[in-house]
Amino acid sequence: RPRESRAPALRFVGPNPPPGAPAPVPAVLWRIFQRRALPSRGDTAPGPSCRVEEFNVPGNIIRVFADQGHFIHSGEPKTFLCLEKRLYFNFSVLEEGEQLTMAQLEINFSHNSYHTSSGRQVFELRLYQALQMSLRGMSSHMYNHKLLVAQSFAQLHKSLLFNLTEVAKGWRTPSRNLGLILEISVGSRDSALALPPRRLQNLCASIDSFLDTSLLVVSLNQKQCQASRKR
Amino acid sequence: RSSYYTPVTPSNLCKPRRLYISFSDVGWENWIIAPQGYMANYCLGECPFPLTAELNSTNHAILQTMVHSLDPEGTPQPCCVPVRLSPISILYYDNHDNVVLRHYEDMVVDECGCR
């Protein structure tokens with residue numbers, strides 16, 4: 001049957017099957033799905049259908065966006081940065097009438113904590129919002145950017161979570177969605193630059209376990225919620 | 001997969017009938033992660049005069065059965081349709097390979113009625 005004739009609410013079948021190996025299903029989505037599909041005996045009846053209890057926000061659609069950004073190799077000799085990466089999430093799938101109610105960035109590392117031989121080593125993570133591309137091209141610092149998060153960590157847990165709800169709301173306008181820039185360095189800029197290059201290189205090597213980033217977005221499709229409320 | 005089942009008291013009155021929808025049957029298995037299918041049910045049956053309370057009828061349907069009993073050719077019986085449905089959540093890949101968990105209203109027929 002012609003595609004148009006399908007009910008819009010169930011329109012997720014694309015012209016082609018999803019390409020390549022399917023993305024892994026985030027554990028948080030499995031948990032929420034299973035809790036809704038099979039409420040355990042102790043549960044009260046499922047909450048209102050247009051609210052995500054797990055995050056305590058209104059919503060009837062939860063999406064996990066895969067990061068489509070790329071590592072930034074500025075071509076200059078290695079600076080004090082161990083990692084410099086552009087993060088980009090394609091928001092074009094969000095439908096008109098959907099209201100974004102939460103956005104949470106997750107940065108995953110492949111193992112839990114870093115033990116450096118010479119005692120405690122502190123890494124610094126900075127997250128910038130890319131505001132405007134400068135005329136000179138794609139290197140991270142060619143963007144006007146705004147610092148969103150600056151956090152130091154020594155003992156690292158598997159993943160870091162950041163609430164980017166307000167920033168993500170602005171990304172509904174495609175021209176304002178220039179993504180983020182993630183930097184991870186060995187300590188502050190001065191302390192890193194004071195280290196011998198080889199030492200810096202070794203410390204950065206421990207950052208190699210950087211795995212991936214994803215953005216969990218909760219949104220509310222008013223039309224579908226009102227329909228049920230009206231009835 | 002629609003299979004008639006023989007209820008204990010055979011009845012052709014309007015009521016829900018079992019219907020299990022398998023997403024691979026409808027060719028969605030490449031997109032849908034879970035569930036693989038679910039019990040959606042459907043409504044089937046007569047709405048005869050007089051309509052009894054358990055047939056979930058509107059006042060209009062009651063009048064229509066009366067007119068049908070007087071003029072069967074000119075006025076059909078009311079229709080047996082879903083009157084109470086419940087939602088399910090579906091986990092799937094969208095066209096950009098994002099993983100989506102979406103709550104869909106009106107996916108399972110719980111009750112049928114004459115309208």
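Every chain is numbered from 1, with letters handed out A, B, ... down the list of sequences.
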When rounded to the nearest 0.5 angstrom, what is the spacing between CD1 in A:Ile62 and NE2 in B:His103?
-> 10.5 Å

Please look at A:Ser92 and chain B and tell me whether the side chain, the backbone, both or neither of the residue comes under 4.5 angstrom of a heavy atom of that chain.
-> side chain

CG of A:Asn90 to CG of B:Asn98: how many Å apart, nearest 0.5 Å?
-> 7.5 Å

Nearest-0.5 Å distance that lies between atom OH in B:Tyr104 and atom CG in A:Asn221 | 9.5 Å

Selection residues 69-82 of chain B - residue pairs positive for side chain to side chain donor-acceptor pair (under 3.5 Å), sequence neighbours left out | B:Glu46-B:Gln77

Pairwise side-chain contact, A:Trp30 with B:Leu101, heavy-atom cut-off 4.5 Å (strictly under) = no

Heavy-atom neighbours of B:Met39 CE exceed 12 at 6.0 Å = yes

Atom pair CD1/CD1 of A:Ile61 and B:Ile90 - distance to nearest 0.5 Å = 12.0 Å

Is B:Gln36 atom CD crowded by more than 12 heavy atoms from other residues, nucleotides or ligands, each under 6.0 Å away?
-> no

If you measure from NE2 on B:His96 to CZ on A:Arg63, what distance do you get to the nearest 0.5 Å?
-> 9.5 Å

A:Asp67: what forms a side-chain hydrogen bond (donor to acceptor under 3.5 Å, both in side chains) with it, not counting sequence neighbours?
-> A:Lys85, A:Thr213

Does B:Leu91 reach the side chain of A:Leu29, with side-chain heavy atoms less than 4.5 Å apart?
-> yes

Rounded to the nearest 0.5 Å, what separation is found between the CD atom of A:Gln34 and the OG atom of B:Ser89?
-> 12.0 Å

Assess whether side chain to side chain contact (heavy atoms under 4.5 Å, CB included) is satisfied between B:Tyr93 and A:Val25, documenting all intermediate values.
-> CA-CA 9 Å; B:Tyr93 293 109; A:Val25 177; 4.2 Å; yes

